[in-house]
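Positions are given from 1, in the same order as the sequence printed here. In what follows, every heavy atom counts, from backbone to side chain, and hydrogens, waters and symmetry copies are set aside.
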Amino acid sequence: MSALPPFDPADPLGLEDLLDPEDRAVRDTVRSWAADRVLPHIAEWYERGELPGIRDLARELGSIGALGMSLTGYGCAGASAVQYGLACLELEAADSGIRSLVSVQGSLAMYALHRFGSEEQKERWLPRMASGEVIGCFGLTEPDHGSDPAGMRTYAKRDGSDWLLTGRKMWITNGSVAGVAVVWAGTDDGIRGFVVPTDTPGFSAPEIRHKWSLRASVTSELVLDEVRLPADAVLPEAKGLRGPLSCLSHARYGIVWGSMGAARASFESALDYSRTREQFGKPLAGFQLTQAKLADMAVELHKGILLAHHLGTRMDAGRLRPEQVSFGKLNNVREAIEICRTARTILGANGISLEYPVMRHATNLESVLTYEGTVEMHQLVLGKALTGVDAFR
């Protein structure tokens, strides 16, 4: 009878066994990049409320295949859903803002072009977006319409063979640094998607300041003042809300993984701290209440990673339903926030310091909890799936 492998505190469920060598290579590449390029600077960026050198970071992320990595062709890496998820976990373990940059670029803007765009649109934009030469953004949320995108006021009307696009979008990641925006608007034929080069007259993207969450991330408003677009600016294969909602489902999948990265970083910080911080003559780790907290955090963290991996294998098999993505986002972000809050209690007053990552991750996750569908929206998605009754209205 072979001996059991030793217990690994960093992998108590043995989830490493679920990964093949290529999965590990992708994970390790992204982890190494984040450790070198983000972790030494992220506390300063967060404190200053900016993400300097974002264009350089985008090109570097493109060079390691992290932009649109689960898409195929057009310079994209063609990675598996599980590999994309592992990348999101490692990026968010550094900071949610970095993962948001990658998610909006790949899972929203590039995914919309790849799935719904014309061949000409794909050829024009996707290779440059995959390399990080061009940054993209995704305009759906509006100042007065977030959870109910059907009520959007942004409108595109025909003017001869052209379109005139007018409206506002809010809370748009990458907006002020984007070279191209995928903007959703009402038309006489329903909601349509438009590919908008950001140097088009009438387009502007003032940056949103004074954020207490996602501070190391570019967030903007999009202002569209009769932006004139040619007939071929419309995404030909996207009609109605199904288009943008399918993009959101892809982005939410990345959040299922990414939130566990923030949780892992906070848990590891608390575990290390508990081993070295002494009170009443012994390390915090030697107290029963501290061990109970660490055990509960470890259980929820690794259950969440296992759930993310399961959803990834379903996506790779073409069997992942939107309701299952809602299941993952609802559970994992909620548990990640609780892990961060518990980790903060172990660090005591030091938990609020940027010398440690815990409070930064906790505040970032407050945004992650809201974007790509609030808790309430995902509860109602699951409620409808469970009961067959639509309670949205």
Side-chain donor-acceptor distances from residues 382-393 under 3.5 Å, at least two apart:
unit_1: Thr387; atom_1: OG1; unit_2: Gly383; atom_2: O; d: 2.8
unit_1: Thr387; atom_1: OG1; unit_2: Val389; atom_2: N; d: 3.1
unit_1: Asp390; atom_1: OD1; unit_2: Phe392; atom_2: N; d: 2.9

Heavy-atom count check: over 12 atoms from other residues, nucleotides or ligands less than 6.0 Å from [X] [atom1]?
X      : atom1 : value
Glu323 : CD    : yes
Arg128 : CZ    : yes
Phe7   : CZ    : yes
Leu15  : CG    : yes
Glu22  : CD    : no
Glu123 : CD    : yes
Lys157 : NZ    : no
Arg158 : CZ    : yes

State, with a plain yes or no, whether a side-chain heavy atom of [X] is found less than 4.5 Å away from one of [Y].
X      : Y      : value
Ser266 : Val358 : yes
Glu355 : Asn350 : no
His309 : Thr313 : yes
Lys282 : Phe287 : yes
Ser96  : Leu214 : yes
Glu16  : Arg24  : yes
Gln105 : Met110 : yes
Val333 : Ile255 : yes

Closest heavy-atom pair and its distance - [X], [Y]:
X      : Y      : value
Cys137 : Ala109 : O-CB, 3.8 Å
Leu222 : Ala205 : CD2-CB, 3.8 Å
Arg275 : Pro283 : O-CB, 3.6 Å
Ser246 : Tyr111 : O-CE2, 3.8 Å
Cys247 : Phe116 : SG-CE1, 4.0 Å
Asp162 : Pro230 : OD1-CA, 3.8 Å

Glu90 with Arg264: basic N within carboxylate O range, under 4.0 Å: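 Salt bridge: yes.
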Flag yes if [X] and [Y] sit in one hydrophobic cluster, no otherwise; membership is Ile, Leu, Val, Met, Phe, Trp, Tyr, and two members link when side-chain heavy atoms are under 4.5 Å apart.
X      : Y      : value
Val134 : Val183 : no
Tyr84  : Leu91  : no
Leu224 : Ile208 : no
Ile98  : Leu86  : no
Val368 : Ile42  : no

Straight-line distance of [X] [atom1] to [Y] [atom2], nearest 0.5 Å:
X      : Y      : atom1 : atom2 : answer
Lys211 : Trp171 : NZ    : CH2   : 8.0 Å
Leu108 : His250 : CG    : NE2   : 9.5 Å
Leu369 : Leu330 : CG    : CG    : 8.5 Å
Asp28  : Asp23  : CG    : CG    : 10.5 Å
Ser213 : Glu366 : OG    : CD    : 7.0 Å
Asp296 : Ile339 : CG    : CD1   : 10.0 Å

Distance under 6.0 Å and angle within 45° of the ring axis: does Arg31 meet both against Trp33? no
Audit row: Arg124, Gln121, side chain to side chain contact (heavy atoms under 4.5 Å, CB included) steps and yes/no: CA-CA 5 Å; Arg124 178 181 179 186; Gln121 290 167 341; 5.9 Å; no
Yes or no on salt bridge (charged side-chain N to carboxylate O under 4.0 Å, His left out) for Arg228 and Glu226, after CA distance, side-chain angles and deciding distance? CA-CA 6 Å; Arg228 183 174 292 275; Glu226 292 199 332; over 6 Å; no
May I ask you to decide if [Y]'s main-chain N or O and [X]'s side chain share a donor-acceptor pair within less than 3.5 Å?
X      : Y      : result
Glu372 : Tyr253 : no
Thr345 : Thr342 : yes
Ser220 : Ser176 : yes
Lys293 : Ile346 : no
Thr290 : Leu284 : yes

Name the atoms and distances for all side-chain donor-acceptor pairs under 3.5 Å in residues 67-76, with sequence neighbours left out.
unit_1: Tyr74; atom_1: OH; unit_2: Glu119; atom_2: OE1; d: 2.9
unit_1: Tyr74; atom_1: OH; unit_2: Glu119; atom_2: OE2; d: 2.8

Where do Arg360 and Arg215 land on the side chain to side chain contact (heavy atoms under 4.5 Å, CB included) test, with the steps shown first? CA-CA 9 Å; Arg360 175 169 54 81; Arg215 289 176 56 77; over 6 Å; no
In residues 184-197, what donor-acceptor pairs under 3.5 Å come from side-chain atoms, sequence neighbours left out?
unit_1: Thr187; atom_1: OG1; unit_2: Asp189; atom_2: N; d: 3.0
unit_1: Thr187; atom_1: OG1; unit_2: Gly190; atom_2: N; d: 3.3
unit_1: Thr187; atom_1: OG1; unit_2: Gly190; atom_2: O; d: 2.6
unit_1: Asp188; atom_1: OD1; unit_2: Tyr155; atom_2: OH; d: 2.3
unit_1: Arg192; atom_1: NE; unit_2: Ala238; atom_2: O; d: 2.9
unit_1: Arg192; atom_1: NH2; unit_2: Leu235; atom_2: O; d: 3.3

For Glu133, all residues meeting salt bridge (Lys or Arg N to Asp or Glu O under 4.0 Å), sequence neighbours excluded: none
What pairs with Arg153 under salt bridge (Lys or Arg N to Asp or Glu O under 4.0 Å), at least two apart in sequence or on another chain?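 Testing Arg153 for salt bridge (Lys or Arg N to Asp or Glu O under 4.0 Å), a comparison that skips the adjacent residues, returns Asp144.
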Report the residues that fulfil side chain to side chain contact (heavy atoms under 4.5 Å, CB included) with Ala150, sequence neighbours left out, ordered by chain and then residue number.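 Listed in chain order: Asp148, Leu241.
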Between the side chains of Ser100 and Tyr371, is a donor N or O closer than 3.5 angstrom to an acceptor N or O? yes
Determine, step by step, whether Ser118 and Glu120 satisfy the side chain to side chain donor-acceptor pair (under 3.5 Å) criterion, reporting the C-alpha distance in whole Å, the side-chain angles of both residues, the deciding distance to 0.1 Å, and the verdict. CA-CA 5 Å; Ser118 67; Glu120 182 181 5; 5.1 Å; no
Checking Tyr46 against Asp95 for the side chain to side chain donor-acceptor pair (under 3.5 Å) test, could you report, in this order, the C-alpha distance in whole Å, the side-chain angles of both residues, the deciding distance, and whether it holds? CA-CA 9 Å; Tyr46 187 92; Asp95 193 77; over 6 Å; no
